[in-house]
Amino acid sequence: MLPVSARSSRPIFKGSLLGMLLLSLVMLLSACGGGSTAGNGTPTAVPCPQTTSLTGAGSTFVNPLFSKMFNAYASVGCQIEVNYQSVGSGAGITQLLNQTVDFGATDTPMTDAQLAQSKNGNVLHIPVTIGAVAVSYNLSGVTQPLKLDGDTVANIFLGKITFWDDPAIAATNSGVTLPHQAITVTHRSDGSGTTGIFTNWLAAVSTDWKNGPGAGTTVNWPVGVGAKGNDGVANAVKTTAGAIGYSELGYALSNNIPVASIKDHDGDFVAPSLDSAKAAAASITTIPDDLRFFFVNAPGQGAYPITGFTWALVYTTQVDADKGQAVADTMWWVIHDGQQYSTALNYVPLPANIVQKGEAKIKAMQCGSSSCYKG
């Protein structure tokens, strides 16, 4: 029989060895870069992907928010750096289809014809934010916000109303002295999701617009001068006397450009704001499975009528499984923790029902035989 000291030393040795093995495992996991993100955006025990940087391109509408989000994202979780190129929704769609970026972004969903061009299978639309398209103008001597209805805005952009003191503008602005000044229409020169939101609204409120230029990321503008990006349109309006244009609300506010109150679905004039965009978003009841839809001219008190989504565009089938996990993790963070940066920049945090549907799209991303999202 072994001495007591010999017998008692064996379990002590096993325990020490087990502890050392566990400690080594913890250190190994830590060295791999931490964990992925759970449903609420908090770290989990899922190992980080080896991918440390991603590229995206598209919407200028969402660029102020993405800039804030991705700057913060580089310092949390797996510390993935995202290089987002604000080149317009049309260019973002093209770059995704050409597979030169890891994700695209657009404020107008891809058309069936565009989806049919995909050489890498199905493209998913993941809503990432909601925002307002403001109608801004440069009109000296007018100190109170103008009120414009849909027909009037359509006729300005159709070239039928050419001076600011036109009777149609005067009719909705009683008591305002309007100058006899020529109107310079400013619109996007590039493929634009903001244009998609704006022209879908025009088509909803004006038969002449619907039967004329119609709606899309690019249209044949009857009149006006083009500018690239939301920032380009905002700058053109700011520097051109008598100009009118459209851009994401934040661009108008940051440039101190007056914005018009627009006649809504219920007949009230509503200014673009965080609250009025929220009211429009609250009207969403019917949501298609593919999440490709507009909700312009939404009913409801205080609902701003030119409000819409930005979507991130990703392939269902990810060729590179490791990078696919990084894309899925990033999108999950964007629709959860990333939403905390929305309000300060006048974007609407995603409603819970939209977040839930976005989660399902992210979980549908396939990396080999399993889901790319491991949380």
Side-chain angles (χ1 to χ4, degrees), residues 29 32-59 62 65-66 69-85 92-93 95-97 99-106 109-110 115 118-129 289-292 309-341 349-350 352-375:
L29 289 175
C32 289
S36 184
T37 54
N40 60 0
T42 57
T44 72
V46 177
C48 285
Q50 296 299 307
T51 298
T52 58
S53 63
L54 297 172
T55 59
S59 165
V62 77
L65 179 58
F66 268 0
M69 282 183 173
F70 295 145
N71 182 63
Y73 188 57
S75 301
V76 301
C78 296
Q79 300 183 348
I80 294 173
E81 294 187 359
V82 180
N83 174 21
Y84 181 73
Q85 304 156 24
I93 290 171
Q95 290 191 39
L96 180 81
L97 290 174
Q99 300 182 58
T100 58
V101 293
D102 301 313
F103 67 92
T106 180
M110 293 175 66
L115 291 172
S118 172
K119 298 177 182 178
N120 193 38
N122 187 51
V123 176
L124 298 170
H125 287 63
I126 303 169
V128 294
T129 197
D289 290 340
D290 61 11
L291 304 185
R292 294 189 296 153
F309 285 109
T310 297
W311 293 265
L313 306 173
V314 299
Y315 285 106
T316 299
T317 302
Q318 295 288 311
V319 176
D320 183 327
D322 187 77
K323 181 170 284 188
Q325 181 188 341
V327 173
D329 285 354
T330 300
M331 292 300 114
W332 193 274
W333 185 90
V334 163
I335 70 171
H336 291 95
D337 283 9
Q339 295 297 304
Q340 66 185 291
Y341 302 105
L350 294 174
N353 62 331
I354 299 297
V355 172
Q356 185 177 27
K357 292 182 179 296
E359 289 177 346
K361 295 301 179 186
I362 295 169
K363 290 179 179 179
M365 294 173 63
Q366 290 294 304
C367 290
S369 60
S370 62
S371 173
C372 296
Y373 181 67
K374 309 298 182 183

J.: S118 side chain to G121 main-chain N or O, any donor-acceptor pair under 3.5 Å?
T.: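 A pair under 3.5 Å: yes.
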J.: Quick check: closest heavy atoms across K363 and Q366, and the distance to 0.1 Å?
T.: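 So the minimum-distance heavy-atom pair works out to O-NE2, 4.3 Å.
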J.: Under a 4.5 Å cut-off applied to non-hydrogen side-chain atoms, are C367 and D320 in contact?
T.: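 When only atoms from C-beta onward are counted, D320 and C367 do not touch, as no gap falls below 4.5 Å.
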J.: Can you check whether L313 reaches I93 side chain to side chain, under 4.5 Å on heavy atoms?
T.: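 Yes, close enough: below the 4.5 Å cut-off.
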J.: Do Q79 and T52 make a side-chain contact, defined as non-hydrogen atoms from C-beta onward lying under 4.5 Å apart?
T.: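 Not in contact.
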J.: Just by distance, do the side chain of Y373 and the backbone of E359 share a donor-acceptor pair under 3.5 Å?
T.: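 Not confirmed, Y373 side chain does not pair with E359 backbone.
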J.: Under the side chain to side chain contact (heavy atoms under 4.5 Å, CB included) rule, what do K119 and L97 come out as? Steps first, then yes or no, please.
T.: CA-CA 7 Å; K119 298 177 182 178; L97 290 174; over 6 Å; no
J.: Which heavy-atom pair separates M110 from R292 by the least distance, and what is that distance?
T.: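 So the minimum-distance heavy-atom pair works out to O-NH1, 2.6 Å.
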J.: Kindly write out the residues that satisfy side chain to side chain donor-acceptor pair (under 3.5 Å) with N122, not counting sequence neighbours, or none if the list is empty.
T.: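 Partners of N122 under the side chain to side chain donor-acceptor pair (under 3.5 Å) test: T316.
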J.: How long is the span from the OG1 atom in T330 to the CE atom in M69, to the nearest 0.5 Å?
T.: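 The OG1 atom of T330 sits 11.5 Å away from the CE atom of M69.
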J.: Do D102 side-chain atoms and G56 backbone N/O form a donor-acceptor pair below 3.5 Å?
T.: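 Checked: no pair found.
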J.: How are the rings of Y84 and F66 set relative to one another: parallel (under 30°), tilted (30 to 60°) or perpendicular (over 60°)?
T.: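 The arrangement is perpendicular - the two ring planes meet at more than 60°.
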J.: Using 0.5 Å steps for rounding, measure from the CD atom of Q325 to the CD atom of Q50.
T.: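 Result: 9.5 Å between the selected atoms.
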J.: Just so I know, are the side chains of K361 and H125 near enough to count as touching, which here means a heavy-atom distance under 4.5 Å?
T.: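 Sidechains of H125 and K361: no contact.
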J.: Indicate whether any N or O donor in one side chain lies under 3.5 Å from an N or O acceptor in the other, for D322 and T51.
T.: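 Yes, side-chain donor-acceptor contact under 3.5 Å.
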J.: Tell me, with the steps shown, if L54 and V327 meet side chain to side chain contact (heavy atoms under 4.5 Å, CB included).
T.: CA-CA 7 Å; L54 297 172; V327 173; 3.9 Å; yes
J.: Could you go through F103 and V82, starting from their C-alpha distance and side-chain angles, then the distance that decides it, and tell me whether this counts as side chain to side chain contact (heavy atoms under 4.5 Å, CB included)?
T.: CA-CA 10 Å; F103 67 92; V82 180; 3.8 Å; yes
J.: Any side-chain heavy-atom pair from Q95 and Q85 closer than 4.5 angstrom?
T.: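 They are in side-chain contact.
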J.: Should K357 and L291 count as side-chain neighbours, where that means a heavy-atom distance under 4.5 Å?
T.: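 Contact flag for K357/L291 side chains = yes.
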J.: What distance separates D329 CG from C78 SG, expressed to the nearest 0.5 Å?
T.: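 Output value for this atom pair is 6.0 Å.
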J.: Distance-only, no hydrogens or angles: does the W311 side chain make a donor-acceptor pair with backbone N or O of T129 under 3.5 Å?
T.: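 It does not hold such a pair.
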J.: Quick check: does any side chain N or O of S59 sit under 3.5 Å from a backbone N or O of A105, one acting as donor and the other as acceptor?
T.: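 No; zero donor-acceptor contacts below 3.5 Å.
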J.: Has Q318 got a side-chain atom pairing as donor or acceptor with Y315's backbone, closer than 3.5 angstrom?
T.: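 Yes: the side chain of Q318 pairs with the backbone of Y315.
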J.: Measure the shortest side-chain to side-chain distance between D337 and W332 over non-hydrogen atoms and say whether it is less than 4.5 angstrom.
T.: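 Not touching, per the 4.5 Å side-chain cut-off.
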J.: Go through it in stages, so that I can follow the logic: the residues are I354 and Q356, the test is side chain to side chain contact (heavy atoms under 4.5 Å, CB included), and I'd like the CA-CA distance, side-chain angles, deciding distance and then a yes or no.
T.: CA-CA 5 Å; I354 299 297; Q356 185 177 27; over 6 Å; no
J.: Which heavy atom of A74 sits nearest a heavy atom of E81, and at what distance?
T.: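 Here A74 and E81 meet closest at CB-CG, 4.1 Å.
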J.: Could you tell me how the ring of W333 sits relative to the ring of Y73: parallel (under 30°), tilted (30 to 60°) or perpendicular (over 60°)?
T.: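 Ring orientation, 0 to 90° scale: tilted.
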J.: How close do Q339 and V128 get, counting heavy atoms only, and between which atoms?
T.: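 Looks like NE2-O, 2.9 Å.
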J.: How about Q340: does its CD atom have over 12 heavy atoms from other parts shown lying under 6.0 Å from it?
T.: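 Count over threshold, so yes.
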J.: Go through the structure and list residues passing side chain to side chain donor-acceptor pair (under 3.5 Å) with S75, not counting sequence neighbours.
T.: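 Per chain and number, S75 pairs via side chain to side chain donor-acceptor pair (under 3.5 Å) with no residue.
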J.: What is the minimum heavy-atom distance between V101 and A57, and which atoms define it?
T.: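 The answer is CG1-CB, 3.9 Å.
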J.: Search all heavy atoms of I126 against all heavy atoms of I335 and return the closest pair with its distance.
T.: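 Scanning both residues, the minimum pair turns out to be CG2-CG2, 4.1 Å.
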